[in-house]
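Right, one structure below, let's go through it.
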Amino acid sequence: MKRAIIEGGRLLQGEVRISGAKNAALPELAASLLTAHELVLHRVPRVKDVETMLELLLELGGEVHVGEDVRIKMERVQGETREELFRAMRASVLVLGPQLARFGRGEILWPGGCSIGERPIDFHLRALEKMGAEIREENGRIKARARKLKGAKIRFPRITVTGTENIMMAASLARGETLIENPALEPEVKDLSRLLVKMGAGISWERDGLHIEGVDELKGAEHTVIPDRIEAGTFLVAGALAGGDVKISGCNPAHLKAVLGAAGEAGVEFESGEDWIRVKGGRDFLPLHIETREYPGFPTDMQAQMMVLLCFARGTSTVRDNIFPHRFRHGEELRKMGANIEIYPGKAIIKRVRKLRGTKVLATDLRASASLVIAGLVAQGRTVVEDIFHLKRGYEDFFQKLRNLGAEIKEE
Ligand code: EPZ
């Protein structure tokens with residue numbers, strides 16, 4: 001499937017159930033490398049990035065069973081893996097820390113990822129060196145060695161989600177204590193730490209940072225992945241623009257405080273409970289000035305979706321992405337649909353338009369794809385979103401979920 005064809009103007013009504021969080025499942029799958037015993041994960045989303053991680057673990061010598069849940073046993077790890085698996089997904093860097101900690105060696109390629117700007121992994125590598133790893137690069141491959149990682153005090157140059165996850169996993173089997181002074185606080189990072197504690201890791205979140213007391217061995221565990229807060233936020237924006245009346249169930253509104261706060265400020269009509277959000281379609285929105293921040297701030301993974309809503313907000317809105325300053329290619333595509341968006345380094349200025357017009361647009365990264373689909377739902381006429389493989393990386397059954405709500409979307 002290459003493209004999605006969306007007929008604008010259909011009203012969204014009904015209920016959508018949110019899947020497990022891709023960005024929690026990926027590190028939790030990698031955590032299977034830390035033990036010879038079986039890991040059982042429930043609510044793993046069936047998305048491309050998860051398939052890539054499972055292929056990676058299989059090729060590393062794992063036993064992988066995918067049914068209602070995902071069962072993995074990494075009794076031994078061997079050999080090389082296909083280069084394209086590493087290139088396909090930035091999160092492949094997450095296999096480095098666990099391999100190094102358990103086997104004393106690890107090898108990855110410079111990871112790929114989507115086109116939201118430079119995606120370095122220097123913070124990961126420097127921190128592992130501080131824990132005693134020797135890391136060298138040989139024709140595009142990163143080879144790491146460590147007789148036995150030792151605990152260290154780590155302060156990342158800036159907060160990093162997968163950097164925190166990688167070091168948390170590596171430190172779980174290191175000798176002595178590791179302190180990460182500025183850990184990422186994303187719900188997905190916390191969920192990984194809960195899994196590691198179930199496996200026997202000595203992890204505690206304190207005021208001065210994240211403490212990990214290394215242990216000799218970790219055991220298997222069973223765990224349910226938290227719901228995907230970005231998928232829930234994506235449906236919130238879709239419902240605000242194209243609803244009707246949409247109930248988003250199986251989510252955790254407590255993980256979406258910044259997004260719900262912004263939606264409320266913009267005049268989106270919604271209510272929420274323990275594990276659901278109900279949103280009513282609106283026509284009149286107020287402008288916002290959004291700054292993306294590390295959690296609990298407004299997430300960079302939601303700015304593309306929110307920009308579509310801001311196209312219809314009275315007055316002038318701004319979005320500044322402090323995490324990925326180049327993450328505005330969706331702005332250029334929305335302009336093709338008639339949006340009034342100006343893009344500057346790190347920032348977009350959005351002015352109100354009466355309508356968006358369906359046309360052919362190009363998806364460039366995971367969340368940009370979602371924002372273009374949302375725009376297609378409310379545009380006049382037909383929108384064709386090319387390269388929707390980006391969307392398949394991180395949204396489970398996205399089009400079917402939208403069709404079940406009344407959207408008219410074809411894939412070809
Ligand atoms: C994670 O990416 C997420 N991916 C991203 O989600 C998300 O956008 C990002 O965190 C920010 O929230 C996964 O969890 C798999 P960072 P990550 O390390 O860990 C710089 C999606 O849509 N940096 O927190 O790669 C980096 O360039 C994806 O699901 C370095 O300079 O992001 C960025 O400016 C997209 N060197 C900032 O730090 C490093 O070694 C934060 O990046 C690492 C990061």
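We're numbering straight along the sequence, starting at 1. First listed ligand is number 1; within each ligand, the first listed atom is number 1.
Within the 4.0 Å heavy-atom cutoff, Glu188 does not count among the residues contacting ligand 1. For Gly163, the heavy-atom gap to ligand 1 stays at 4.0 angstrom or more. Residue contact annotation: Ile159 has a non-hydrogen atom under 4.0 Å from ligand 1.
If you look at Thr162 next to ligand 1, the close heavy atoms, those under 4.0 Å, come from the backbone and the side chain alike. With a 4.0 Å heavy-atom cut-off, ligand 1 is reached by the side chain of Leu366 but not by its N, CA, C or O. Counting heavy atoms closer than 4.0 Å to ligand 1, residue Thr300 contributes side-chain atoms (C-beta onward) but none from N, CA, C or O. With a heavy-atom cut-off of 4.0 Å, Phe324 touches ligand 1 through its side chain alone. Contacts between Arg327 and ligand 1 below 4.0 angstrom, taking non-hydrogen atoms only, involve the side chain exclusively.
For the residues Arg393, Glu165, Arg367, Arg158, the heavy atom positioned nearest atom 37 (C) of ligand 1 is part of Arg158. When Val161, Asp321, Thr292 are checked for heavy-atom proximity to atom 1 (C) of ligand 1, Val161 turns out nearest.
Near Asp301, the atoms of ligand 1 lying under 4.0 angstrom from a non-hydrogen atom of the residue are 5 (C), 6 (O), 7 (C), 8 (O), 21 (C), 22 (O), 28 (C), 29 (O), 35 (C). Atoms of ligand 1 lying under 4.0 Å from at least one heavy atom of Lys22, given by number and element, are 21 (C), 29 (O). If you number the atoms of ligand 1 from 1 as listed, the ones under 4.0 Å from a heavy atom of Ile121 come out as 39 (C), 40 (O). Using a 4.0 Å cut-off to heavy atoms of His124, the atoms of ligand 1 that qualify are 40 (O).
Ligand 1 has a nitrogen or oxygen under 3.5 angstrom from a nitrogen or oxygen of Phe123.
With respect to Lys410 and Glu412, no salt bridge is recorded, no charged nitrogen being found less than 4.0 Å from a carboxylate O. Salt-bridge formation is not detected for the pair Glu38/Lys73: no Lys NZ or Arg NE/NH1/NH2 atom is positioned less than 4.0 Å from an Asp or Glu carboxylate oxygen.
Remark: the backbone N or O of Gly8 is paired with a side-chain donor or acceptor of Arg10 at under 3.5 angstrom. Under a 3.5 Å cut-off, the side chain of Thr178 and the backbone N or O of Glu213 do not form any donor-acceptor pair.
Here the options are Arg367, Lys22, Lys401, Arg17, the test is salt bridge (charged side-chain N to carboxylate O under 4.0 Å, His left out), and the partner is Glu231; only Lys401 passes. When the options Thr364, Thr292, Asp301 are evaluated for a side chain to side chain donor-acceptor pair (under 3.5 Å) with Arg327, the one that passes is Asp301. The residue from Met74, Lys219, Met199 that alone fulfils the side-chain contact (heavy atoms from CB on, under 4.5 Å) condition with Leu34 is Met199.
Interatomic distance, CD1 of Ile230 versus CD of Gln305, reported as 7.0 Å (0.5 Å rounding).
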Exercise. Yes or no on salt bridge (Lys or Arg N to Asp or Glu O under 4.0 Å) for Glu411 and Arg403, after CA distance, side-chain angles and deciding distance?
Worked result: CA-CA 12 Å; Glu411 291 175 66; Arg403 284 186 204 103; 3.3 Å; yes
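Thr300 and Asp321 are linked by a side-chain donor-acceptor pair at a separation below 3.5 angstrom, with hydrogens and angles left out of the test.
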